[in-house]
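What follows is one structure encoded as structure tokens, with my remarks underneath.
First the proteins, then the strands, lettered A, B, ... as listed; each starts at 1.
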Amino acid sequence: MTVLIPVIIPLSAIVLLIATRRWLIAQYIISMISMTVLVINALSLLTTLQLKGYLTYQASGWPAPFGITLIADQFSAIMLLAVAVVGWLVMMYAIGFVDAARKKAGFFILVQGLFAGVNGALVTGDLFNLYVWFEVMIMASFVLITHGAEKQQLRGAVKYVVLNLIGSVFLVSTIGLVYSKTGTLNMAQLAMMIQQQDVSELMNSYLMLFFIAFGIKAAVFPFFFWLPASYPTPPIAITAFFSATLTKVGVYTIIRFYSLYVDHDGFAWKEIILWMAAATMIFGVLMAASSFDFRKILSFHIISQIGYMIMGLGIFTINSLAGAVFFVVHNMFSKTAAFMAAGLVYKLRGTYELKDSGWVYKDKPLFALLFFLPALSLAGLPPTSGFFGKLFLILAGFESEDWAITITALVVSIFTLFSMVKIWNEVYWKKPAEHTVLSHQPVKVNLLPVAATVAIVLLMLLPGVFAGSLFGYFSRAAAQLMDVESYIKAVFP
Amino acid sequence: MASEIFKIAAVQLRPILLVLSLIVLYRGHNEPGGGFIGGIMAGMGFVLYAMAVGVEKARKSRTIKPVSFMGLGLFFALISGLFAPFSGVGLFMQGVWTEIELPWGSAIKLGTPLLFDAGVYLLVTGMITSIMYAIMEE
């Protein structure tokens, strides 16, 4: 049942939230309870998996290739835990941040829908079911991104909807192609077929289509255009939810498919992935360097950092894969923390434009600290989690002697630091220009968002402290990812 | 919109469509039909009515709000999934069936899949009406 609970809980929460949609207090309580249960369940899943390796569940009792299989291994458990913890904190932040009109118009229902989709995609072992969960997730995010219907939100949402629907079309038509060719939708059975029969030549074209589909979801170069257009438009609490879930689930599925199906020695997979990783890193960071809006810069950095995760996947050794997993988790925390800090500044100054802001450090030193630490982490300076994330990836790159990508990763780090310094100078440090009037309205930032941001920053620092033991754990998860045989055995005992 | 024929027809059609949609929902088990199609039919009944008499009056004439339909539908679907594990007869979404003898000799089979279909039916009805009402109000 523990595999099932991540899906059941948000769905039950939606039912309760619809029933109580008039009482905001009830909405808060139900949302928080749901997230708490998700965190506890993910923790118990993680401890069970250390002993057992895999947990499977055959829905409706049909044996593996016929029914829908749910399967969790350590990688999915890590992702479930990270999503739940970050979700818990952002939920707290959103309760204090989002305006009452949006809250009453079903904000919490949609967020639970988002989490149902994300958790479903993380535990499913069935191709079509994966598509369905992706749709659940995307539908919830469509509505969330337009929620409130401001003009700029709608403008961003059009690009988001169109590009993501194209991604969905690729996904479902590729699933159809795979089914017509192999006759199975079960992920483990497909892996078994690829091992036993020599279908890898045909599979390569399907996998490339899958890669495009998931690449659109994960915002990999050259499919990333929807992200900077849409992420900066909704209220920042929603962006924070997105940065913790959407693209990361895309990366999760890319890693899952790559490790299950791809014959990494054959074809040019490694080169393709590494080139794309490098391009993603460079484009993201350059576009960040050229924008002057707090949220835009952070959004472009999401893209750049997706590149690092894909790099870890492309090298495909146990160390690099563990580094990639570490980086995904680090990024979920750090990036979300940075968005949350940006939201606090917005409450204080009423703008995300860098040039209209300034002196936050002078007015609110705590807010400055709350951005400073995530910024260090994103740029990869010690002692934060970002430093270790990049360290593991770059060490793995040197080990496998992929010099070009490793050096790119190092150079891109410097540019990331540049953008972070830019934000720091403009928003927190600079004396505001003469003609700009800083809004000095008595700041009504309530305690909840600040507390949530403090908590996420502290949690973000923890991986830096326990980097060694965490890396050991992630290496085991990576080794498990590469062990396709036991994945198949777990589904077909 | 002002046609009297349409108005009268729409008002009369609503109950007929609702009954028909329930039949489609029930027969969907073994024959073409099911919760989705039934839900669309029921939704169309409501929408036609709203087109004839105006959205405001249509909204007032409904004691259960469209959103509540959606919530109820999701609830039914969830219950149908959780029934088997909680009653201890099987796994999540496993079908549980029971047969009810009717006084005139025949029997109907009821089970959790039908409950799930009913959930889909309500969800689709609520979805269609809430979307169409919103569009018609624009």
Side-chain angles (χ1 to χ4, degrees), chain A residues 1-23 26-27 30 34 55-64 66-71 104-110 112-113 116-117 120 123-126 129 132 136 139-140 142-143 146-147 149 154, chain B residues 29 34-36 39 59 62-98 111-135 137-138:
Chain A
M1 272 305 259
T2 25
V3 191
L4 201 59
I5 287 172
V7 186
I8 297 284
I9 290 298
L11 288 178
S12 326
I14 293 175
V15 172
L16 292 174
L17 286 169
I18 290 181
T20 62
R21 65 185 182 281
R22 300 229 173 80
W23 301 285
Q27 303 258 303
I30 294 166
S34 157
L55 273 184
T56 55
Y57 191 89
Q58 309 289 358
S60 70
W62 292 100
F66 307 112
I68 292 170
T69 307
L70 301 180
I71 178 165
K104 283 197 182 125
F107 173 78
F108 294 104
I109 301 171
L110 293 165
Q112 292 299 326
V123 295
T124 186
D126 184 275
N129 199 233
V132 172
V136 171
M139 283 299 155
F142 283 167
V143 188
T146 50
H147 202 224
L154 296 178
Chain B
H29 242 325
F36 193 85
R59 268 192 206 274
R62 293 180 63 177
T63 39
I64 307 175
K65 296 267 175 313
V67 182
S68 307
F69 264 88
M70 286 151 70
L72 214 61
L74 198 56
F75 178 69
F76 278 6
L78 207 61
I79 291 293
S80 81
L82 291 174
F83 186 82
F86 274 106
S87 58
V89 291
L91 298 168
F92 180 64
M93 301 242 300
Q94 196 153 336
V96 184
W97 291 94
T98 164
T112 50
L114 188 66
L115 191 64
F116 182 82
D117 249 6
V120 174
Y121 172 89
L122 289 173
L123 197 75
V124 172
T125 312
M127 198 77 192
I128 283 198
T129 43
S130 66
I131 290 174
M132 289 305 288
Y133 283 2
I135 290 174
E137 270 172 348
E138 288 274 306

By a 4.5 Å heavy-atom criterion (distance strictly below it), what part of B:Leu74 contacts chain A: side chain, backbone, both, or neither?
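Both backbone and side chain.
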For B:Leu72, is it the side chain, the backbone, both, or neither that has a heavy atom closer than 4.5 Å to a heavy atom of chain A?
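Neither the backbone nor the side chain of B:Leu72 comes within 4.5 Å of chain A.
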Using non-hydrogen atoms and a 4.5 Å limit, figure out which bit of A:Ala59 sits close to chain B: side chain, backbone, both or neither.
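The answer is both parts of A:Ala59.
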Go through the atoms of A:Leu11 and report whether side chain, backbone, both or neither lie under 4.5 Å from a heavy atom of chain B.
both
Smallest separation among heavy atoms of A:Ile18 and B:Val67, with atom names
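Scanning both residues, the minimum pair turns out to be CG2-O, 3.6 Å.
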Using a cut-off of 6.0 Å, state whether more than 12 heavy atoms not belonging to A:Tyr57 lie near its atom OH.
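Counting other residues, nucleotides and ligands, OH of A:Tyr57 exceeds 12 neighbours.
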Any luck finding a side-chain donor-acceptor pair between A:Thr69 and A:Gln58 under 3.5 Å?
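Checked: A:Thr69/A:Gln58 side chains pair up, N/O donor to acceptor below 3.5 Å.
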A:His147 side-chain N/O to A:Phe142 backbone N/O, donor-acceptor pair under 3.5 Å:
no
